[in-house]
2 protein chains.
Amino acid sequence: MSTKSSPRAPRRPRTASPNRRERASDLRTAGAAAAPTFKPIHTRRTFEEICERIREQLALGVLKPGDKLPAERELAQQLGVSRNVLREALRSLEMAGVLKLQKGVKGGAFIQQGDTRRMNEVMRDMLSLGTISVRELSEARVHVLDLVVQLACANARRADLDALEANIERTELATREGRLLDRVECSREFYKLLAASTGNKVIAMIVDSVTEIHMRFVYAKVASSGVAMARLTEKRRQFLAALSERDVALASRLLRSHLESVQRMLEQDPGAMSLHVALADVQPGMRR
Amino acid sequence: MSTKSSPRAPRRPRTASPNRRERASDLRTAGAAAAPTFKPIHTRRTFEEICERIREQLALGVLKPGDKLPAERELAQQLGVSRNVLREALRSLEMAGVLKLQKGVKGGAFIQQGDTRRMNEVMRDMLSLGTISVRELSEARVHVLDLVVQLACANARRADLDALEANIERTELATREGRLLDRVECSREFYKLLAASTGNKVIAMIVDSVTEIHMRFVYAKVASSGVAMARLTEKRRQFLAALSERDVALASRLLRSHLESVQRMLEQDPGAMSLHVALADVQPGMRR
DNA sequence: TTCCATTGAATGGGTGATCCATTTAATAAT
DNA sequence: ATTATTAAATGGATCACCCATTCAATGGAA
């Protein structure tokens with residue numbers, strides 16, 4: 001009922017004063033009435049425009065991590081849009097890890113440090129949507145890790161090696177106490193540390209994104225079958241020794257051999273390799 | 001708890017009970033009262049929960065690319081949330097490339113094919129936010145491209161090589177006609193094709209994400225200075241020949257040498273390397 | 001019949017008002 | 001001085017609309 005009872009031409013203010021609406025329209029379709037030149041066709045949606053403006057301020061360096069945006073009500077007024085649509089934009093940016101919204105007085109929208117875990121989410125989505133396959137992901141991981149070994153041998157510092165050593169200790173403890181699932185988490189941490197030891201955060205981010213998914217499969221496998229990689233810490237120690245010696249060839253060989261054995265373990269029971277099982281639930285340490 | 005004994009009119013307009021509201025409140029306050037272990041702090045908001053549920057359906061394979069979600073009004077009712085908050089969730093998912101919203105009758109929220117360009121956006125944000133540096137990005141690009149050459153030599157197929165050949169033709173044409181900026185776009189395409197020739201979409205996605213940013217710098221440099229890489233197509237042909245011969249060593253050497261000369265060109269004028277210049281505006285072919 | 005203009009319903013896009021819940025600072029009471 | 005109360009600011013969420021776009025159904029004209 002009460003569909004538009006009037007034809008379209010005259011803007012019908014009805015009860016409310018339409019000043020806000022007109023300003024929003026300016027953003028999108030100004031001059032639609034009598035423009036002789038062709039219009040830019042696609043009516044940008046306001047929330048896209050808002051997102052873009054904020055990202056622009058970011059790229060320009062006007063906004064930096066730690067900065068606070070104006071309060072929603074005020075910012076909405078500044079932009080000439082409704083608070084609801086502004087929130088759609090802010091929410092998108094929050095999901096993208098650019099903003100963090102905090103409640104209460106002194107709250108607001110704060111620019112965040114970049115969250116590298118966002119790339120993990122991209123990988124997950126690509127996998128969920130069938131754009132990439134598990135096989136491609138595993139293959140890419142093997143190759144990237146090979147690269148990481150080279151870089152780590154070249155660049156790893158004392159602190160990096162110590163961190164890896166400490167990780168192996170934790171893994172050993174978890175093994176002795178039979179905490180198999182914790183051990184998987186240790187493994188994930190191991191690769192994260194290894195990637196960090198390259199000294200390149202881009203590489204580290206990439207490695208982490210492909211490793212996170214892989215570890216979900218391992219996790220699911222271990223959780224369901226109870227089996228676990230034998231002689232894990234022993235192999236880790238050998239690898240770390242090679243890394244410390246900057247022996248690229250040996251370290252590379254050891255890692256590749258290990259990755260292959262893990263792969264064999266996973267492929268033993270194809271059922272456990274189900275994408276859905278691995279992606280469905282969220283595990284500790286894998287949440288944003 | 002969440003039965004707010006509101007002093008005003010009881011909201012009972014809708015058929016659905018506000019169960020969603022109650023559950024959200026439960027999540028927030030459940031652990032606060034009697035939990036012996038510290039709760040995970042995180043305040044769950046409805047739109048997050050909605051996003052997660054939709055992603056869950058995706059991971060489980062219930063939703064697939066091409067599927068359509070119920071209409072906003074209906075889905076909001078099903079979930080027991082307001083339409084506005086549902087839209088916040090849908091918008092986030094749209095920005096994430098998971099959904100596409102289409103207007104009109106027969107419109108709705110459609111699950112998309114995964115958009116690999118999303119990773120580019122992650123890289124851009126990380127750079128904008130200062131989480132990664134241009135140096136790290138360039139370095140990672142060199143290493144990843146080295147890997148790509150190896151894989152391409154092993155896996156490139158006839159069609160891949162032909163596509164690269166065609167790209168070189170276009171580059172040559174653009175060079176002859178003095179369309180320098182188009183030539184930059186050709187270069188970007190070249191690396192995209194090269195990455196695709198590895199046969200691994202994960203690798204391709206990674207390469208594209210690091211190349212896109214790099215090409216913005218090149219673009220800005222070319223646009224401002226008018227200079228352009230000399231003997232570009234000649235070098236491309238040599239490289240392609242090596243690739244066709246599956247000569248990893250030669251192809252790798254040629255590419256690395258080329259990348260170094262480009263890098264030198266960029267570093268000639270540090271001013272042009274400004275992050276802000278490169279990231280600020282959006283170029284053709286680099287929009288989503 | 002065939003084709004094209006009109007219509008109307010469904011759907012996303014957007015607005016404004018209103019309320020709730022949380023947080024913090026200022027203030028009052030002890 | 002310490003603690004409890006209050007008030008204000010802010011994000012979180014809802015409701016009730018309205019607009020613009022799209023597309024199938026309808027109906028009249030060629």
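Just so it is clear, the structure is predicted and the values come from calculations on it, not from any experiment. Reckoned from all heavy atoms, side chains included, excluding hydrogens, waters and symmetry mates. By convention in this document, chain letters (A, B, ...) are assigned in the order of the sequence lines, proteins followed by strands, and residues within each chain are numbered from 1.
Regarding B:Lys68, its NZ atom lies at a distance of 12 Å from the C1' atom of D:dT22, rounded to whole Å. For the pair A:Gln77 CD and D:dA9 C1', the interatomic distance rounds to 16 Å; values are reported in whole Å. In this entry the distance linking NZ of B:Lys106 with C1' of D:dA20 reads 20 Å, nearest Å. Rounded to an integer number of Å, the gap from A:Lys100 NZ to D:dT10 C1' is 15 Å. Look at CD on A:Glu48: it is 14 Å from C1' on C:dG14, rounded to the nearest Å. Rounded to whole angstrom, the span from the CD atom of A:Gln102 across to the P atom of D:dA9 amounts to 19 Å. The distance between atom CG of B:Leu86 and atom C1' of D:dG12, rounded to the nearest whole Å, is 15 Å. Atom CD in A:Glu72 sits about 15 Å away from atom C1' in C:dT23, given to the nearest Å.
Side-chain atoms of A:Arg73 stay outside donor-acceptor range of the base of C:dG16, with no qualifying N/O pair under 3.5 Å. At a cut-off of 3.5 angstrom, counting only N and O atoms as typed in the model, there is no donor on one side facing an acceptor on the other between the side-chain of A:Arg83 and the base of C:dG14.
Contact annotation: the side chain of A:Leu63 approaches that of A:Leu69 to within less than 4.5 Å [non-hydrogen atoms, C-beta and beyond]. Two residues are said to be in side-chain contact when any heavy atoms from C-beta on lie closer than 4.5 Å; A:Gln112 and A:Glu94 fail this criterion.
Contact between B:Gly114 and A:Leu129 at its shortest, heavy atoms only, is CA-CD1, 3.6 Å.
Ranked by how close their nearest DNA chain C nucleotide is to the 5' end, A:Val85 and A:Gly104 are led by A:Val85. Place A:Val105 and A:Asn84 on DNA chain C by their nearest nucleotides, and A:Asn84 ends up nearer the 5' end.
The side chain of B:Leu101 sits closest to C:dG13 out of D:dA13, C:dG13, C:dT11. The listed nucleotides are C:dG14, C:dG12, D:dG12; the one nearest the side chain of A:Lys103 is D:dG12.
Distances shown here put every side-chain N or O of A:Ser82 at or beyond 4.0 Å from the OP1 or OP2 atom of C:dG14. The phosphate of D:dG11 has neither OP1 nor OP2 within less than 4.0 Å of any side-chain N or O from A:Arg87.
No more than 12 heavy atoms of other residues, nucleotides or ligands sit less than 6.0 Å from atom NZ of B:Lys100. Within a 6.0 Å radius of NZ in B:Lys68, other residues, nucleotides and ligands contribute more than 12 heavy atoms.
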